[in-house]
There are 2 protein chains.
Amino acid sequence: MNIDEKDRLILRHLGEDARMPVRELASRVGLSGPATGERIRRLEASGVIARFTVELDLAKLGFPLQAIVRIKPRPGNLHIVEDMIMGEPRFLDCDKVTGEDCFVVRLAVRSIADLDPVLLPFHDRAETNTAIVKSSPLKARNPL
Amino acid sequence: MNIDEKDRLILRHLGEDARMPVRELASRVGLSGPATGERIRRLEASGVIARFTVELDLAKLGFPLQAIVRIKPRPGNLHIVEDMIMGEPRFLDCDKVTGEDCFVVRLAVRSIADLDPVLLPFHDRAETNTAIVKSSPLKARNPL
DNA sequence: CCTGAAACCATGATAAC
DNA sequence: GTTATCATGGTTTCAGG
């Protein structure tokens, strides 16, 4: 699929407000309604738009504390550690990375007291390095 | 604002498909259309729903490579480093954290060759530690 | 391949209860 | 909260460039 400048503009606008009426979006990118609707449909079908979703304020949902944890499983514990991550809903993101560590995860908890219970099961199977998130000046920006 | 179980169910469904018709969402949570619509409106007004957005496939947009970089500014360079991060669109996320490092950022680039030019300007002002993302088994899950 | 207009229909908003 | 009704907006279709 070929993405042109108008597609990128559409994606930028949808990223800011995915419920913008097609007609308004159309006027902003300089196209007609049907043409814009067709582009959205194609971007969705091709998978460039993975899904329409909502961005939540986790603090207001009762998870005001986030941490970024680097996890280095001990020999033989790679798969079990990955399964433990996937099975714990308080882990929001998980990336497998090159370098010293194997996983970099983000987690959200209700309080500082909840941090230890979440990470405790890992201490047998991995070395962890926890950094408390003080603020997030940038969240899920798109590079367009 | 008080969030009950039905609100959490609504948020879960919207997280998977934010364009689900209110009537369908209503039947899934066991409420009427207007009651569900009113709950969505309140969740939005209270900021629990920060915004409706699209999740993009960055690889299909020409940014197939992601990295997680820990950045530790040298003395006196904190603000300039933060400004440099904010001004570079290829940085997707930025968290200020406790511990050894100061920033943990995620970036997306077109190729491995693009990595160095993006990070080069930081070498004067900070120590960086770069981990290439091999895969992301978990992306933006919500803890509900 | 686009635009613009009109018809149609799904959907969100509203009113009354 | 519900149900019934109204109005908005998305999709499709067409004629024309």
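Letters go in sequence order (proteins before strands), and every chain restarts at 1.
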The side chain of [X] lies closest to which of these nucleotides: [options]?
X	options	result
A:Pro21	D:dA4, C:dT3, D:dG9	D:dG9
B:Arg39	D:dG1, C:dG12, D:dG10	D:dG1
B:Leu31	D:dG1, D:dT13, C:dG12	D:dG1

Using a 4.0 Å heavy-atom cut-off, does B:Arg19 contact any base of the nucleic acid, only the sugar-phosphate backbone, or nothing at all?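 Touches nothing.
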Looking at A:Arg8 and A:Glu5, is there a salt bridge between them, counting it only when a charged N and a carboxylate O are closer than 4.0 Å?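 A salt bridge links A:Glu5 with A:Arg8.
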Give a yes or no on whether a salt bridge exists between B:Lys72 and B:Glu127, defined as a side-chain N under 4.0 angstrom from a carboxylate O.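 Result for this pair is no, no salt bridge flagged.
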Rounded to whole Å, please give me the gap between [atom1] in [X] and [atom2] in [N].
X	N	atom1	atom2	result
B:Asp17	C:dT11	CG	C1'	14 Å
B:Leu14	C:dG12	CG	P	11 Å
A:Arg41	C:dC1	CZ	P	14 Å
A:Glu24	D:dG9	CD	P	10 Å
B:Glu44	C:dG12	CD	C1'	13 Å
A:Glu38	D:dT11	CD	P	10 Å

Under 4.0 Å between a side-chain N or O of B:Arg23 and OP1 or OP2 of C:dA10?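 So the side chain of B:Arg23 is outside the cut-off, no N or O lying under 4.0 Å from OP1 or OP2 of C:dA10.
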Are B:Leu56 and A:Ile49 close enough that some pair of their side-chain heavy atoms sits under 4.5 Å apart?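 A side-chain contact under 4.5 Å exists here.
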What I'd like to find out is whether the side chain of A:Leu14 reaches to under 4.5 Å of the side chain of A:Leu43, using heavy atoms alone.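 No. Closest side-chain heavy atoms not under 4.5 Å.
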